[in-house]
Amino acid sequence: EAGVVQSPRYKIIEKKQPVAFWCNPISGHNTLYWYRQNLGQGPELLIRYENEEAVDDSQLPKDRFSAERLKGVDSTLKIQPAELGDSAVYLCASSLTPSGNEQFFGPGTRLTVL
Amino acid sequence: GQSLEQPSEVTAVEGAIVQINCTYQTSGFYGLSWYQQHDGGAPTFLSYNALDGLEETGRFSSFLSRSDSYGYLLLQELQMKDSASYFCAVRAGSSGAGSYQLTFGKGTKLSVIP
């Protein structure tokens, strides 16, 4: 069984530039999560999808962050414009059930904003 | 909101047993999860406790006391490959979308030495 796929693995951009991350969850997993992980910290939830619906985006900084999951499968997270403080690892996860007691994480995208 | 406390670092000898504690403060508690993350890698699910008591999975065991808002991860017969960060995470919140939110602690970096 293929795991959660993310791309790119690394991204370096200058501040004020836009950036996008892509995630393909495990087949059959209807629940998808985007997390941000700062160095030395645990993952922090940005947004959770049930199929194509964003059911929890309370922690997504909506002034610069956006996400979509148009067909309820793969998802894109965008930052525009990026700020220095956005440097982090962006993790995508999926779960078979909405409870998310067992979440499967992708390898993440390490973003560096210069 | 939720808060979790776990030691930042633990060092143990190969073959020994180590316990990583986690205390939490939250409302609407549903359960406690543990994840392992190697440097540069993705978090990997280890266990989930919703009820009081000990759950054993191979060399790893996880314990929960809901009345004490406390849990721990027990690793036996430590191996060098167990060197990683270990995160406790609470599933908590009010009914609805928030009840499925997972909040992670800052992680405990375990170093296994020969």
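Order of the sequence lines fixes the chain letters, A, B, ..., with proteins taken first and strands second; residue numbering starts at 1 for each chain. Basis for what follows: all heavy atoms, side chains included, without hydrogens, waters or symmetry-related copies.
Contacts of A:Gln59 with chain B are made by side-chain atoms alone, with heavy-atom separations under 4.5 Å and no backbone atom involved. Interface residue A:Ser58: only side-chain heavy atoms are found under 4.5 Å from chain B. For A:Gln37, the part sitting under 4.5 Å from any heavy atom of chain B is the side chain, from C-beta outward, and nothing else. For A:Pro43, the parts sitting under 4.5 Å from any heavy atom of chain B are the backbone and the side chain alike.
For the atom pair A:Leu91 CG and B:Gln37 CD, the distance stands at 6.5 Å (nearest 0.5 Å). The distance from the CZ atom of B:Phe45 to the CZ atom of A:Phe105 is 11.0 Å, given to the nearest 0.5 Å. How far OG of B:Ser85 is from CD of A:Gln41: 11.0 Å, rounded to the nearest 0.5 Å. With rounding to the nearest 0.5 Å, the separation of OG1 in B:Thr44 from CZ in A:Phe104 is 9.5 Å.
Heavy atoms from other residues, nucleotides or ligands lying under 6.0 Å from NZ of A:Lys71 number 12 at most. Annotation: A:Glu14, atom CD; neighbour count of heavy atoms from other residues, nucleotides and ligands within 6.0 Å does not exceed 12. Atom CD of B:Gln25 is surrounded by 12 or fewer heavy atoms from other residues, nucleotides or ligands within 6.0 Å. A 6.0 Å sphere centred on CG of A:Leu114 holds more than 12 heavy atoms belonging to other residues, nucleotides or ligands. The neighbour count for A:Glu52 CD, taken as heavy atoms of other residues, nucleotides or ligands under 6.0 Å away, is above 12. B:Arg66 CZ: more than 12 foreign heavy atoms inside a 6.0 Å radius. Counted within 6.0 Å of CG on B:Asp39, heavy atoms from surrounding residues, nucleotides or ligands total 12 or fewer; the atom is thus considered open. Around the CG atom of B:Leu51, the shell of radius 6.0 Å holds no more than 12 heavy atoms that belong to other residues, nucleotides or ligands.
Smallest separation of non-hydrogen atoms from B:Tyr35 and A:Asn101: OH-O, 3.9 Å. Between B:Ala42 and A:Gly106, the shortest heavy-atom contact is CB-O, 3.0 Å.
Put simply, of A:Gln6, A:Gln103, A:Glu44, the one with the most heavy-atom pairs under 4.5 Å next to chain B is A:Gln103.
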